[in-house]
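Contents: one structure, followed by commentary.
Starting from 1, each residue takes its place in the sequence as its number.
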Amino acid sequence: MSTAYIDDFQIITLHYDLVENPQNYFKTIQLVSNKFVHNLDLIETNHFENHSYYKFKTDRPIDISDKFFIHIKQLKIPVILGKVTQTDTFEQMFDAREHEFGAIVRDNKTTFTVWSPVAKVIKLNINDKSHTMEKLKDGTHRITLYGNYHLQSYHYDAYINHQWIQVNDPYSKGLTLNATESVVIDFNKTNIDGFYDLSRPETMQKDALIYEVHVRDFTMHPNSGVSPENKGKLLGLIEPHTTTATGESTGFDYLTQLGITHVELLPINDFARVDDIEFEKAYNWGYDPEYFQTIDGSYSTQPANAAKRIQELKHVVHAFHEKGIGVILDVVFNHVFYMPNSSFDKLVPGYYFRYHEDGTVSNGTGVGNDTKTERLMMRKFFVDTIKYYIHEFKIDGFRFDLMGTIDIDTMQEIKSVVMQDNPNAFLLGEGWDLATALPKELKTTHENAYKLPEIHFFNDYFRDTLKGNNFNLMDRGYFNGGGRYYERMFNIFIGLKGELPVNQTVNYVEVHDNHTLFDRINYTSNKSLAEKNMIHQLATVFTILSLGTPFLHAGQEFYRTKYGHGNTYNLSDFINRIDWNRRIKYKEDINLIKRAIQIRNEHRIFRTKNIDKINKRIIPFELEHPLLGILLFDSKSELILLFNPTPLHHIVNLPRMGEFMVILSNYNEDIAIKNFYDLSPFEYVVLKKKL
């Protein structure tokens, strides 16, 4: 079948049968629209086994939104968009960053603005009425209707590539059930009492301790104590006074008593695979984004009410802010769930996504597509999305999924916008170097971290040192390997070695993906459960006290298990939910983790990012291999840390004279010692010198 593509403003590529003497055969070829007839000159031919390509140059630039046909002899071949939207010329001609997109309600008027230079016509369809939009030179389509259309559903009908398509607004702030249509939101009608009167928490970046939570996991367990209507919902995160059947705190009260500074929520924007109403029929982490500026309906107690979704997120942020805890959102800017169905690719085919030189879609993310964040209008969309969350919801930070696929300039612009709004905001992400179609020097990776000093990166070197290579389940690290990688331990404690400096490292040993630390230790150890738990707590306490930003996975403090499963993104609630029965069983262990967090918060030395202070005030001292000993001089106190990853007792001679108190240990606390310490198997201890 013959097809023709617009590959540039004067280049048409025709896929056609092999012909002899093409110069003569195509002598009378023309490019025809209702307005114009263009003559074509053959400039290139390429022959393959099953087809041939013929490239033509037009006699003058063409209007790429027009409806064109190739006329060859008796044939009439429709011409559709090709590589033209990927050209620099397209980018320069249709720079529409000055506009405010979406549905905006002001002064009893509602303005709808959408960008598609390639659409010949776009019609707004609202209340079963169709309104033709004005098209501007920069490819923007706009219309203003008199009246406040709050909560009215709408969509766009666009004429692109010889056909009418129905498409939702990529800037949708509201959606009907399961994203059938966009919904207009008047934000004056989404306010909640006291929301804008309460200041954000002023936690400085160096003091941050992040706790990662999946909204649904947090409350789905039968013993969560959360009311049935709030289970799995945003409001379930903040329901007060919930307890287990035996009276232990759960949910919001439990979380706000841990001592953490920030709660990080896995994606809450609209994502695929989970029904808004019958949400319990399927499970997902949320890394299948469809609409980036709308709260997913499955997390709302009233998913059919688009304004309620917004208000419920505001209630969550407000409740955490009242407790002095910041809220970080996990955002997935690196891909969309299914590219052909996305509003982006429907409105401007080929523009918003990366392609390789051979025309294939870039798939460094491994999910079928990579967004082309370096494109001006793609970058604008993501920056606008960040602005929306920080201004409308007072969000305190963002975690960027697969951040290594996002270009540095986009991250720089996001950083500037966020920091201007809130100098204490916290930005972090995954800086892995993935095979996306972006030059290495432009990626936001560990290697380029020095170009973005205000942005923090997950430290996989830290993680793998503690528990073994993440992608080799049987590999072991320092704590579950009897002291393996001992030579690395002091340096990762002070953030010295690896690609990440201390002011940018996010220290973690467990996160939502891959196996939990408990399950990993189970795979790599044949020790008793009590010993495995001690190894687990060694790694967790080391993570909390190490210099940099500690990051904990919800339930890590009570040995969260996913029953041996690693990638649980679409498995059941039974596997993914936080088991609040373990909160009962391990409440004494939880108290130790809380105490470790308290010690970190009370002593500045654990939170310093000053290299001079680190070099002068944090000193390793020699112990029997592979024990780790660290001496710290805080502003008004001396501290000694000891870690024993072995099943043996060790007598440790203290490096300082005087009497020390045991302020944290998984064996003994509140005892005074001098000169030496009897370090038990798999023990960690924090000693503080008595004044």
Side-chain angles (χ1 to χ4, degrees), residues 201 203-213 255-265 324-328 330 396-397 399 424 426-431 455-467 477-479 488-498 500-512 516-517 536-560 589-609 614 618 628 630 632 634 639 641 643 664 666 684 686:
T203 304
M204 299 178 69
Q205 290 182 12
K206 68 180 182 66
D207 298 331
L209 195 159
I210 300 168
Y211 190 84
E212 182 192 49
V213 174
L255 178 54
T256 56
Q257 292 164 6
L258 278 177
I260 56 117
T261 65
H262 292 77
V263 59
E264 178 187 303
L265 303 180
I325 294 174
V327 177
I328 295 172
D330 192 337
D396 304 279
R399 180 260 192 196
N424 294 318
F426 201 94
L427 302 177
L428 70 160
E430 297 173 311
I455 293 177
H456 305 77
F457 293 74
F458 284 92
N459 192 334
D460 49 338
Y461 182 81
F462 182 99
R463 173 200 67 200
D464 291 354
T465 297
L466 267 56
K467 68 175 183 180
Y478 178 76
F479 289 113
R488 299 182 184 180
M489 291 300 291
F490 177 72
N491 286 330
I492 67 167
F493 180 85
I494 62 172
L496 178 62
K497 290 294 184 181
L500 298 171
V502 66
N503 62 307
Q504 287 182 277
T505 178
V506 175
N507 299 329
Y508 74 111
V509 71
E510 177 179 326
V511 70
H512 67 271
T516 67
L517 180 58
H536 187 293
Q537 202 166 86
L538 274 165
T540 299
V541 169
F542 184 88
T543 300
I544 292 168
L545 297 180
S546 293
L547 274 62
T549 301
F551 179 100
L552 299 176
H553 181 216
Q556 178 179 338
E557 66 277 15
F558 45 81
Y559 315 115
R560 184 173 181 176
D589 301 63
I590 294 168
N591 288 334
L592 290 172
I593 298 302
K594 290 170 68 173
R595 178 63 180 139
I597 293 172
Q598 182 184 5
I599 288 170
R600 180 182 187 273
N601 292 338
E602 288 176 348
H603 297 86
R604 292 183 181 179
I605 193 64
F606 292 111
R607 294 173 281 122
T608 186
K609 304 294 190 293
I614 292 170
I618 305 178
L628 179 64
I630 303 172
L632 304 97
D634 202 13
L639 299 160
L641 306 186
F643 295 92
L664 178 67
N666 51 345
Y684 60 85
V686 180

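Using a distance-only test at 3.5 Å, with no hydrogens or angles considered, no donor-acceptor pair links the side chain of Lys467 to the main chain of Leu517. For Lys206 (side chain) and Lys609 (main-chain N/O), no donor-acceptor pair under 3.5 Å exists by modelled atom type. Judged purely by atom type and a 3.5 angstrom limit, Asp634 uses its side chain to pair as donor or acceptor with the backbone of Ile605. Although no hydrogens or angles enter the test, the distance criterion places no donor-acceptor pair under 3.5 Å between the side chain of Asp396 and the main chain of Phe426.
Between Phe493 and the options Phe542, Phe643, Phe462, a ring pair (Phe, Tyr, Trp, His ring centres under 6.0 Å) holds for only Phe542.
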**Asked** How far apart are the C-alpha atoms of Ile630 and Leu545, what are their side-chain angles, what is the distance that settles it, and do they pass the side-chain contact (heavy atoms from CB on, under 4.5 Å) test?
**Response** CA-CA 11 Å; Ile630 303 172; Leu545 297 180; over 6 Å; no
**Stepwise side-chain contact (heavy atoms from CB on, under 4.5 Å) check, His536 with Glu510** = CA-CA 10 Å; His536 187 293; Glu510 177 179 326; 4.1 Å; yes
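Side-chain contact check for Leu664 versus Leu592: some heavy-atom pair is nearer than 4.5 Å. Using a 4.5 Å heavy-atom threshold, the side chains of Leu428 and Thr549 count as separate.
Counting only residues at least two apart or in different chains, salt bridge (charged side-chain N to carboxylate O under 4.0 Å, His left out) contacts with residues 597-606 comprise Arg595-Glu602.
Counting all heavy atoms, side chain and backbone alike, Thr608 lies closest to Leu547 at O-CD2, 3.7 Å.
Contacts of Asp460 classified as side chain to side chain contact (heavy atoms under 4.5 Å, CB included), with partners at least two apart in sequence or in another chain: Trp432, His446, Arg463, Tyr508. Annotation: ring-ring contact (aromatic ring centres under 6.0 Å, His included) contacts of His603 (sequence neighbours excluded): none. Taking the ring-ring contact (aromatic ring centres under 6.0 Å, His included) definition, one finds that Tyr211 meets it with nothing, sequence neighbours left out. Considering only residues two or more places apart in sequence or on other chains, Tyr478 meets the ring-ring contact (aromatic ring centres under 6.0 Å, His included) condition with none of them. Take Phe606 and apply the ring-ring contact (aromatic ring centres under 6.0 Å, His included) test, not counting sequence neighbours, and it matches no residue.
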